[in-house]
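Let me begin by presenting the structure, written as structure tokens, before commenting on it.
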Number of protein chains: 2
Amino acid sequence: MTSQDVILGILMDDSHSGYEIKHKFETLFSYFYNASYGTIYPTLGKMEKLGLITKESILQDGKPNKNVYTITEAGREAFVQYLESDIQGVELKSDFMVRLFFGEWTEPERVIRWLERSIAKEERQIERLNADYERWKSHMSPTQEICIALGIANQESNRRILLEGLAKLKAQL
Amino acid sequence: MTSQDVILGILMDDSHSGYEIKHKFETLFSYFYNASYGTIYPTLGKMEKLGLITKESILQDGKPNKNVYTITEAGREAFVQYLESDIQGVELKSDFMVRLFFGEWTEPERVIRWLERSIAKEERQIERLNADYERWKSHMSPTQEICIALGIANQESNRRILLEGLAKLKAQL
DNA sequence: TCAGACATGTAACAAGTTACATGATTTT
DNA sequence: AAAATCATGTAACTTGTTACATGTCTGA
């Protein structure tokens, strides 16, 4: 899976600018994929050269021009090819879990602070995902529903385990 | 969190070679962090130059020499500084979830195959994590227990949601 | 006899982030 | 008056992977 594949997926049902694509990453998507402008803009340029997408410049008043990209037939074929390729394993990099693993090398009070902040973060995320679900569920595909259910269930399971762990650590103080 | 921080953490309670560090990544750790030899060896070299670790070459017969690294006082201080720094947010990159999100663009049979394979994978991982826990629980710290509990709970929640999703998709066929 | 464990290291390449550069409009 | 939104793009840098290079011993 490359950023090109993900951008093709976003352009499959509608044309978008680079700015809008970034927005989609942040709202719908950030839970399992993300990319910065420094990735998005050069990738769109490369994809246009490859003939996977076409660019249309839209003049706006008061705002900068918008470059709206539309997927081509070749782009659709490339996306289908991606869907037919082997699935890559998930990559997770969690600073929080690394610290937890090495938690014995710092004061219990600090570890407790880590846990409390992490729990608060999980709770904010659960609320955000539930709100996202409420807002978009009417036009979400069945597989997208599984996606968001995975996210919510994960965050709820994290919350539960962290609360249990926190209670145990506090009992040992 | 850099690979240097994680390597320092591993060297905190015992000296190890690069090969052994890689092995630790793969067994204890791969769930939330990993690095290849191409990262480990150059990082160890850099850390030695910085005075964070010292190298001792051990001659072995029948096997290649082993470079065993030991953390220095400066290394311990650097590790403590890492533990005092801000926690970085988790980074997740999941090809599986991206495909699920775009699942409407391919045949339902393919999506069902993705789900079935993913469920089988989660089940293997759950067994592996449980086996790891049984093997190491006697010398695991309380925070390490939280770590492994997070991993197991996550994988079990994924399994549950995927099974539910699979049933729904099959019903719609 | 062949795969896998043991063991280190480099070079080429790929991928992605951050910071910089620019600037009007709208909301707080 | 400041911050956020809208909008694009590049250059320098960081980080990391993959493949190559080398070689023995052990167990299936």
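Chain identifiers are assigned alphabetically (A, B, ...) following the order of the sequence lines, protein sequences preceding nucleic acid strands; residue numbering begins at 1 within each chain.
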Give the nucleotide from the list [options] with an atom nearest to the side chain of [X].
X: B:Tyr37; options: D:dT8, D:dT18, C:dT8; result: C:dT8
X: A:Thr2; options: C:dA15, D:dT8, D:dT10; result: C:dA15
X: A:Thr39; options: D:dT18, C:dG16, D:dT8; result: C:dG16
X: A:Ser17; options: D:dT17, C:dG16, D:dT8; result: D:dT8
X: A:Ser36; options: C:dG9, D:dC6, C:dT17; result: C:dT17

Measure from [atom1] on [X] to [atom2] on [N] and round the result to the nearest Å.
X: A:Glu56; N: D:dT8; atom1: CD; atom2: P; answer: 13 Å
X: A:Asp5; N: C:dA15; atom1: CG; atom2: C1'; answer: 14 Å
X: B:Glu20; N: C:dT8; atom1: CD; atom2: P; answer: 8 Å
X: B:Tyr41; N: D:dG16; atom1: OH; atom2: C1'; answer: 16 Å
X: A:Met47; N: D:dG9; atom1: CE; atom2: P; answer: 14 Å
X: B:Gln60; N: C:dA5; atom1: CD; atom2: P; answer: 17 Å
X: B:Asn67; N: C:dT8; atom1: CG; atom2: C1'; answer: 7 Å
X: B:Leu44; N: C:dA7; atom1: CG; atom2: P; answer: 15 Å

> For A:Glu116, which of A:Arg110, A:Lys170, A:Lys121 qualifies under salt bridge (Lys or Arg N to Asp or Glu O under 4.0 Å)?
Replying inline: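 Of the listed options, the one satisfying the test is A:Lys170.
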> Does one side chain, of B:Asn67 or B:Tyr41, offer a donor that lies under 3.5 Å from an acceptor on the other?
Replying inline: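 No, because no side-chain N or O of B:Asn67 sits under 3.5 Å from a partner of the opposite role on B:Tyr41.
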> Would you say A:Tyr19 reaches D:dT8's phosphate, i.e. side-chain N/O to OP1/OP2 under 4.0 Å?
Replying inline: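 The answer is no; no side-chain N or O of A:Tyr19 sits under 4.0 Å from OP1 or OP2.
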> Is any side-chain nitrogen or oxygen of B:Ser3 closer than 4.0 Å to OP1 or OP2 of D:dG16?
Replying inline: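 The answer is yes; a side-chain N or O of B:Ser3 sits under 4.0 Å from OP1 or OP2.
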>> Once you apply a heavy-atom cut-off of 4.0 Å, does B:Lys22 come out as touching a base, just sugar-phosphate, or nothing?
In response: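 No contact.
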> So, is the end of the A:Lys22 side chain (NZ or CZ) under 6.0 Å from the ring centre of A:Tyr19 and within 45° of the ring's axis?
Replying inline: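 No - A:Lys22 does not lie over the ring of A:Tyr19 by the 6.0 Å and 45° rule.
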>> Under the ring pair (Phe, Tyr, Trp, His ring centres under 6.0 Å) test against B:Phe25, which residue among B:Tyr33, B:Tyr37, B:Phe32, B:Tyr31 passes?
In response: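 Among B:Tyr33, B:Tyr37, B:Phe32, B:Tyr31, the one meeting ring pair (Phe, Tyr, Trp, His ring centres under 6.0 Å) with B:Phe25 is B:Tyr33.
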>> Reading DNA chain C from 5' onward, which residue's closest nucleotide shows up sooner: B:Gly18 or B:Lys93?
In response: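 Looking at DNA chain C, the more 5' nearest nucleotide goes with B:Gly18.
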>> Check this for me, if you would: do B:Glu156 and B:Arg160 make a salt bridge, where the nitrogen-to-carboxylate-oxygen distance has to be below 4.0 angstrom?
In response: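 Salt bridge: no.
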